[in-house]
There are 2 protein chains.
Amino acid sequence: MNLSLNKRGEGPEGLDKLLNNVLNYSVNSWSPNFCDKLYSSTTPIGVMSELILGALNGLSHVYSVSPCLIQMELAAGRELTNLLGYSGPNRGGVTFPGGSQSNFMAMSLARNLKFPEIKMNGYNGEKLAVFTPQHGHYSIDKTAISMGIGLNRVYKVPCNIDGSMNTEKLESMIQSSIEAGETPFFVNSSAGSTVLGAYDDFGTISNICKRYDLWYHIDGSWGGSLMFSKTHNHLLENANLSDSFTINPHKLLGVPVQCSYLLLQDRFLLNQAHSLNADYLFHNTTSSSKASLDDDNWLYSNMDLADGTVGCGRRPDGFKMFLTWKYMGTEGFTKRVDHALASAQYFQHKINEHPNFKLLVPSTSLNVCFYYLPKGNQGTINETILSTNHNIPEIPQQYSVITKTIADRMKSEGRIMIDYSPLKVFNEETNDYENLPHFFRMVFGHPGTSENTINNMIDEINRIGSQL
Amino acid sequence: MNLSLNKRGEGPEGLDKLLNNVLNYSVNSWSPNFCDKLYSSTTPIGVMSELILGALNGLSHVYSVSPCLIQMELAAGRELTNLLGYSGPNRGGVTFPGGSQSNFMAMSLARNLKFPEIKMNGYNGEKLAVFTPQHGHYSIDKTAISMGIGLNRVYKVPCNIDGSMNTEKLESMIQSSIEAGETPFFVNSSAGSTVLGAYDDFGTISNICKRYDLWYHIDGSWGGSLMFSKTHNHLLENANLSDSFTINPHKLLGVPVQCSYLLLQDRFLLNQAHSLNADYLFHNTTSSSKASLDDDNWLYSNMDLADGTVGCGRRPDGFKMFLTWKYMGTEGFTKRVDHALASAQYFQHKINEHPNFKLLVPSTSLNVCFYYLPKGNQGTINETILSTNHNIPEIPQQYSVITKTIADRMKSEGRIMIDYSPLKVFNEETNDYENLPHFFRMVFGHPGTSENTINNMIDEINRIGSQL
């Protein structure tokens with residue numbers, strides 16, 4: 001591919017050749033065989049929404065330049081909080097460029113509200129502490145680095161065998177942190193962890209957060225969309241007790257990459273935490289906007305969105321969610337989500353009964369993690385690996401090589417992409433973390449996945465595996 | 001407009017009505033009369049690039065899912081550093097979702113490299129300090145808040161009458177900060193400030209930064225694109241002495257919103273500063289990639305881009321820049337930029353000779369700031385307001401009202417959008433800041449602006465003004 005950029009433009013002919021190459025050499029995320037990452041195909045409506053955004057060239061930082069787009073972003077955000085079960089009058093959501101940024105904003109918000117003197121004067125010897133599940137997303141670590149909290153004060157709470165955060169350990173780690181003179185202020189938990197797809201016990205964690213006066217954030221970047229599910233929305237029980245919640249409609253809901261919402265019990269806190277009253281830009285933000293609380297227009301006040309964020313220019317990602325929602329209806333999303341969940345269940349069922357595969361742990365949602373068993377080991381382990389009463393078996397390192405080899409070969413043949421992963425698990429017996437050898441992480445989000453798709457994938461892994 | 005989101009989707013009919021409303025009630029940034037913000041029309045190529053991104057639904061966090069898109073992002077980033085004049089073997093640029101994020105990454109990078117112990121353990125009583133021009137963008141303040149530096153240790157360096165940072169004051173403020181026991185580590189300066197469009201004295205600032213061992217960042221979000229100019233690229237003289245440089249091709253170059261590049265003397269520093277080696281995601285990042293320094297492929301090593309950022313999922317905004325560049329060539333951008341500069345000069349000339357208008361300060365680039373003079377004051381001031389030897393005249397507050405009234409009326413009539421702004425200027429006589437009443441800030445970036453467009457705008461302001 002010719003990547004040179006020259007003085008003379010190449011015009012339509014050059015572009016034609018280039019675009020053919022782009023299409024030929026790009027990964028086709030529209031295929032049900034793309035199960036590598038936590039997003040999949042978008043929809044025709046999604047593509048159309050990008051086209052319209054491109055044509056409008058809209059920017060949603062201030063209301064005066066994007067009135068429609070901002071109202072739609074807020075309307076969809078409000079509706080998401082309704083689904084989640086937030087109930088305060090100021091509930092609402094705004095978009096950020098990706099789940100990491102939404103998580104970032106939640107932590108920044110929490111700190112600035114609780115420690116306004118840090119906002120003004122910087123740290124003054126405080127040792128803030130943050131708690132997140134061992135299996136949680138790395139954006140919490142990166143945020144803590146950026147915010148000057150330090151990686152070593154991001155406490156990784158061990159997870160139970162099913163991947164959920166161990167709430168007893170959470171509480172004891174909070175206590176230890178306080179005893180060590182630190183100031184805990186933020187707890188993150190997962191609604192659909194990256195590798196295992198686990199959901200935490202939101203009710204218990206919320207109680208702990210209340211007890212110690214901590215901001216409670218849930219990272220539902222991946223699995224938050226189960227709020228649309230008919231069959232599995234119980235996994236989000238008590239998630240409405242959190243202060244903030246990240247959901248990425250660009251993952252499970254088929255909204256184009258990217259679209260991430262930070263949902264808040266009170267979205268006006270964003271302004272309180274981050275506003276600088278930059279009057280060269282924000283001409284409309286007035287504190288009096290709070291006066292109209294009982295007014296229907298309340299939902300749409302404070303619409304200079306960038307005033308409450310760290311960024312300035314904003315791509316109006318909420319428009320894509322709004323348009324897709326309007327077109328498909330809530331039930332369209334429900335269908336998509338429940339189909340993905342049913343696909344995961346079917347896949348798990350097939351893997352479980354196949355002698356050449358071994359589940360890492362029974363899946364309750366969209367992620368199915370498993371090993372392909374090397375020759376001679378087929379059928380030798382009868383249970384899922386992590387189901388045996390906290391007794392973690394020794395898994396030969398050879399399994400890592402087998403996993404990677406099969407995944408890489410499928411990828412290079414260009415037909416199927418499945419990701420693999422290692423995992424740190426906490427061994428109660430040794431009271432320490434163990435690194436499991438790499439296993440396959442299969443995720444389901446594509447609306448076109450059929451039983452046939454799944455059977456073919458299993459055959460394909462088996463075919464390549466048997467040649468090793 | 002019906003913003004309800006219901007159980008049943010509204011399908012094509014509902015969408016048709018909705019999209020008509022969106023188009024009717026949205027601001028038309030394709031019009032040369034849209035001069036309100038620092039972006040304007042995109043191009044047909046721009047729209048097409050969004051369509052293709054939407055169709056690919058690409059995500060550029062790891063190479064394995066977006067090989068083409070990442071190579072194109074890096075190719076355009078490298079070429080931008082060449083234009084700027086960076087010369088190190090590792091020079092390059094990557095995109096972030098907006099200029100604020102690019103500026104954020106520069107400061108985060110600088111701190112993490114200089115204070116790796118803060119990355120790990122958080123602040124331990126250090127009082128870091130940051131310096132930025134009084135007229136600089138607010139993203140520096142917001143970043144300093146997030147990073148726990150504190151707003152009060154963002155030192156706002158007074159600007160000269162032309163809007164450039166006063167370098168003597170910069171140095172004395174750095175010295176004062178050190179004497180007060182603080183640790184300066186970061187200087188930001190402007191290549192095209194938001195309100196006046198001013199360019200700082202990059203050579204002198206670079207020397208100061210070297211003297212005190214400070215990271216030198218230039219925020220060229222708005223005016224960095226003058227690197228493409230034939231007539232005005234001297235304004236960027238010595239900008240290549242900086243460590244990092246933000247440029248937003250979505251502003252002056254007509255690449256769709258948003259596309260922001262952070263250019264770096266050494267782009268691999270991103271990984272050094274931010275990598276967590278999250279091995280569940282990044283399977284390819286190896287330190288050995290540095291081994292191929294003399295290889296052409298070097299440009300394209302370390303391509304799991306999210307490893308070096310704070311975010312994870314990334315929209316492949318660089319593709320839009322690459323595609324536009326490939327189509328139009330460097331000379332296409334040059335033509336666009338130089339046309340905008342010529343428009344600004346023509347506008348300034350017309351304003352300057354018109355008795356009803358008064359320039360705030362002579363413009364050297366794309367921003368022309370001026371007052372409309374109220375009845376009875378026409379022709380009474382003979383010079384530009386801020387040209388008189390640091391002697392800032394008293395400007396009646398009434399001018400603010402006139403500015404806002406005219407701008408709001410033009411906006412509500414729906415034909416012309418021009419922004420207005422206040423400005424803090426430093427008065428040498430009183431040794432303090434003064435707030436100037438709001439004035440018009442006219443910016444030029446549209447390729448279709450003609451002398452006729454400009455004459456009509458001036459007539460329109462004059463027409464409305466004369467009715468007040």
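A note on names: the letters A, B, ... follow the listed sequences, proteins ahead of strands, and every chain is numbered from 1.
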Can you find a pair of side-chain heavy atoms, one from [X] and one from [Y], that are under 4.5 Å apart?
X	Y	value
B:Ser100	A:Val310	no
A:Val22	B:Leu323	no
B:Cys312	A:Ser139	no
A:Leu5	B:Arg78	no
B:Val62	A:Lys37	yes
B:Lys7	A:Thr334	no
B:Asp307	A:Tyr138	no

Would you mind checking which part of [X] comes under 4.5 Å of any heavy atom in chain A, side chain (CB onward), backbone (N, CA, C, O), both or neither?
X	value
B:Arg314	backbone
B:Leu19	side chain
B:Phe115	neither
B:Met328	backbone
B:Leu15	side chain
B:Ala144	neither
B:Pro12	both
B:Asn2	both
B:Ser40	backbone
B:Met107	neither
B:Gln101	side chain
B:Ser108	side chain

Which one of [options] has the most heavy-atom pairs closer than 4.5 Å to chain A?
options	answer
B:Arg153, B:Arg111, B:Glu79	B:Arg111
B:Pro97, B:Ser4, B:Gly122	B:Gly122
B:Gly11, B:Gly313, B:Ser49	B:Gly11
B:Gly125, B:Ser29, B:Gly14, B:Gly98	B:Ser29
B:Phe322, B:Phe333, B:Phe96	B:Phe322

Between [X] and chain B, with a heavy-atom cut-off of 4.5 Å, which part of the residue counts as in contact: side chain, backbone, both or neither?
X	answer
A:Pro256	both
A:Leu423	neither
A:Glu10	both

For chain B, which of A:Leu23, A:Thr309, A:Thr143, A:Leu128 has the most heavy-atom pairs under 4.5 Å?
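Of the candidates given, the most pairs with chain B belong to A:Thr309.
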Heavy atoms only, distances under 4.5 angstrom: which of A:Met147, A:Lys320, A:Met48 has the most pairs with chain B? Name it, please.
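The answer is A:Met147.
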What distance separates B:Asn121 CG from A:Lys127 NZ, expressed to the nearest 0.5 Å?
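Rounded to the nearest 0.5 Å, the CG-NZ separation comes out at 7.0 Å.
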Give a yes or no on whether the backbone of B:Asn57 and the side-chain of A:Thr42 come within a donor-acceptor separation of less than 3.5 Å.
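Absent.
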